[in-house]
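Encoded as structure tokens, the structure appears first; notes follow it.
Here is how names work: the chains are called A, B, and so on, in the same order as the sequence lines, proteins then strands, and each is numbered from 1.
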There are 2 protein chains.
Amino acid sequence: MNKYYTITELTREFGVSTRTLRFYEDEGLIHPERRGRTRLFRPADRHLIKEILRGRRIGFTISEIREIIQVYKDPPGEIGQLQLLMQKVSEKRDDLRQKRRDIDETLTELDNVEEACLTRLAEIGVGT
Amino acid sequence: MNKYYTITELTREFGVSTRTLRFYEDEGLIHPERRGRTRLFRPADRHLIKEILRGRRIGFTISEIREIIQVYKDPPGEIGQLQLLMQKVSEKRDDLRQKRRDIDETLTELDNVEEACLTRLAEIGVGT
DNA sequence: GGCAAAATTGACTTTCACGTCAAAGTAAAT
DNA sequence: ATTTACTTTGACGTGAAAGTCAATTTTGCC
């Protein structure tokens with residue numbers, strides 16, 4: 001019977017505040033239904049929020065996220081717009097690939113830090 | 001003769017503003033030498049800036065970056081501190097792994113968007 | 001139907017990471 | 001020596017993404 005989520009259910013699930021979800025609505029990222037003035041979130045909204053938060057984690061701005069959502073809702077019909085979009089997609093992809101390289105490098109760096117810690121601990125442990 | 005870099009040389013190389021580098025100095029991330037009041041950047045500073053910017057790209061805050069730099073400069077000597085550090089490292093790593101998953105998912109999504117664009121372009125192209 | 005808990009709106013505040021200017025000091029080249 | 005290009009400090013401003021607070025509704029529940 002088409003489950004609805006309340007706002008706090010979702011804030012608990014995703015670890016965000018109600019303010020955040022309202023903010024996303026103000027920004028036009030989500031459009032929960034209303035019963036009176038109270039927001040009712042459907043599974044589709046919930047899914048969208050998941051994607052928004054994923055975008056947030058990797059550093060997309062609200063308007064970038066909005067753009068992506070827009071594309072899914074109604075992809076541009078004009079050739080120029082399509083080409084522009086493809087260009088942006090390509091830039092974003094390069095961006096993300098760079099970010100992944102950065103992450104990989106940082107991960108190995110963190111491994112080094114950890115190993116240094118372990119060695120250090122061993123030293124201290126032996127000394128006492 | 002130990003090459004020095006001027007501030008604008010580095011801003012050009014890294015595509016940041018002088019304000020940014022001065023900000024990083026204010027925040028204690030770098031410590032360029034001075035001739036009079038003018039900053040002189042050494043290769044070590046340059047390298048550090050590279051790391052700072054990498055950290056920035058993957059979404060580390062200034063103080064997170066500062067922490068990491070600190071560890072390299074002088075790793076904690078106390079056991080408690082070491083354990084705390086290792087815990088943080090482990091958290092960061094989980095964080096980065098999640099981020100990588102996010103990126104991978106988004107990359108395939110972008111591929112889909114691109115393909116949708118291409119199909120759309122083909123349709124339009126055929127129609128005209 | 002009454003009441004505590006939850007939700008809403010609106011306004012104001014905050015944090016981060018710089019941007020922007022102004023005023024003044026320096027360096028380099030002609 | 002003067003112009004021209006950099007550089008510095010300091011103060012204030014800004015945009016993004018919420019946080020916080022207060023004053024109302026609204027709901028869920030017995």
Side-chain angles (χ1 to χ4, degrees), chain A residues 1-42 45-46 48-70 92 95 99 102, chain B residues 1 3-42 45-46 48-69 92 95 99 102:
Chain A
M1 56 169 353
N2 261 315
K3 167 107 205 208
Y4 284 114
Y5 304 92
T6 90
I7 196 170
T8 30
E9 271 180 304
L10 293 182
T11 63
R12 278 178 193 139
E13 175 171 3
F14 295 119
V16 299
S17 71
T18 60
R19 179 70 182 84
T20 300
L21 294 185
R22 279 187 224 114
F23 176 66
Y24 291 160
E25 185 181 8
D26 286 349
E27 292 293 321
L29 302 185
I30 50 181
H31 301 281
E33 295 174 21
R34 299 282 180 132
R35 175 166 57 209
R37 1 182 73 185
T38 302
R39 277 163 259 251
L40 294 176
F41 295 80
R42 315 261 327 247
D45 298 312
R46 180 170 163 284
L48 203 42
I49 292 172
K50 237 191 269 188
E51 300 222 340
I52 293 169
L53 295 178
R54 191 179 68 201
R56 182 174 84 161
R57 281 195 300 274
I58 60 183
F60 283 177
T61 69
I62 296 294
S63 47
E64 285 172 320
I65 295 173
R66 188 172 25 228
E67 263 183 279
I68 295 176
I69 292 175
Q70 278 304 319
K92 269 298 151 224
D95 208 82
K99 225 167 227 180
D102 290 333
Chain B
M1 48 177 6
K3 168 108 207 204
Y4 283 114
Y5 303 92
T6 89
I7 196 168
T8 30
E9 271 179 305
L10 292 182
T11 63
R12 279 179 192 138
E13 174 170 4
F14 294 118
V16 299
S17 71
T18 61
R19 179 70 181 83
T20 299
L21 295 184
R22 280 186 220 115
F23 176 67
Y24 290 160
E25 185 180 8
D26 286 348
E27 292 292 322
L29 301 185
I30 49 180
H31 301 282
E33 296 174 21
R34 299 283 178 130
R35 175 167 57 212
R37 0 182 74 187
T38 302
R39 276 164 259 251
L40 293 176
F41 294 82
R42 314 264 326 248
D45 298 311
R46 181 171 162 283
L48 203 42
I49 292 172
K50 237 191 269 187
E51 300 222 340
I52 293 168
L53 295 178
R54 190 179 69 200
R56 183 174 84 160
R57 281 196 299 274
I58 60 182
F60 282 177
T61 68
I62 295 295
S63 47
E64 286 172 320
I65 295 173
R66 188 171 27 227
E67 262 184 278
I68 295 175
I69 290 176
K92 271 299 151 225
D95 208 81
K99 223 167 230 179
D102 290 333

From dT8(D), dT8(C), dA18(D), pick the nucleotide closest to the side chain of Ile7(A)? dT8(C)

Nearest to the side chain of Arg22(B) - dT26(D), dT7(D), dC6(D)? dT7(D)

Whether Ser17(A) side chain and Thr20(A) backbone form a donor-acceptor pair below 3.5 Å: yes

Taking only side-chain nitrogens and oxygens of Thr20(A), does any of them come within less than 4.0 Å of OP1 or OP2 of dA17(D)? no

One thing to verify: whether Arg56(A) and Glu27(A) come together as a salt bridge, which I'm taking to mean a side-chain N less than 4.0 angstrom from a carboxylate O. no

To the nearest angstrom, how far is Arg39(A) atom CZ from dA7(C) atom C1'? 8 Å

side-chain contact (heavy atoms from CB on, under 4.5 Å) for Tyr4(B) and Glu33(B)? Distances and angles first, verdict last. CA-CA 10 Å; Tyr4(B) 283 114; Glu33(B) 296 174 21; 3.1 Å; yes

Just by modelled atom types, is the Gly28(B) backbone N or O under 3.5 Å from a matching donor or acceptor in the Arg66(B) side chain? no

Between the side chain of Arg34(A) and the main-chain N/O of Arg37(A), is any donor-acceptor distance below 3.5 Å? yes

Within the pair Tyr24(A) and dA18(D), is there a side-chain N or O less than 4.0 Å away from OP1 or OP2? yes

Using OP1 and OP2 only, check whether a side-chain N or O of Arg57(B) sits under 4.0 Å from dA17(C). no

Rounded to whole Å, CD of Glu64(B) lies from C1' of dC16(C) at a distance of 12 Å

Nearest to the side chain of Arg37(B), which nucleotide is it out of dC6(D), dG25(C), dT7(D)? dG25(C)

Within this structure, what is the CG-CD1 distance for the pair Leu48(B) and Ile52(B), rounded to the nearest 0.5 Å? 4.5 Å

Atom CD of Glu33(B) and atom P of dT7(D) are separated, to the nearest Å, by 16 Å

Interatomic distance, Asp26(B) CG vs dA17(C) P [rounded to whole Å]: 13 Å

Please state how far atom CZ in Phe60(B) lies from atom P in dA17(C), giving the value in whole angstrom units. 13 Å

Base of dT20(C), side chain of Arg19(B) - is there a donor-acceptor contact under 3.5 Å? yes

In whole Å, what is the span from the CG atom of Leu40(A) to the C1' atom of dT8(C)? 13 Å

Would you tell me if any nitrogen or oxygen in the side chain of Thr18(A) comes within less than 4.0 Å of OP1 or OP2 on dA6(C)? no

Could you state the atom-to-atom distance from CG of Leu21(B) to P of dT7(D) in whole Å? 11 Å

Please confirm whether the shortest side-chain N or O distance from Arg56(A) to OP1 or OP2 of dA17(D) is below 4.0 Å. no

Candidates dA17(D), dC6(D), dT8(C) - which lies nearest the side chain of Thr61(A): dA17(D)

Closest to the side chain of Arg34(A), out of dA18(D), dT9(C), dA7(C), is dT9(C)

Quick note, Thr8(B) side chain, CB onward, closest among dA18(D), dT7(D), dA7(C) is dT7(D)

Over how many whole Å does the gap from Glu25(B) atom CD to dT7(D) atom P extend? 14 Å

Which is more 5' along DNA chain C, the nucleotide nearest Thr6(A) or the one nearest Thr38(B)? Just name the residue. Thr6(A)

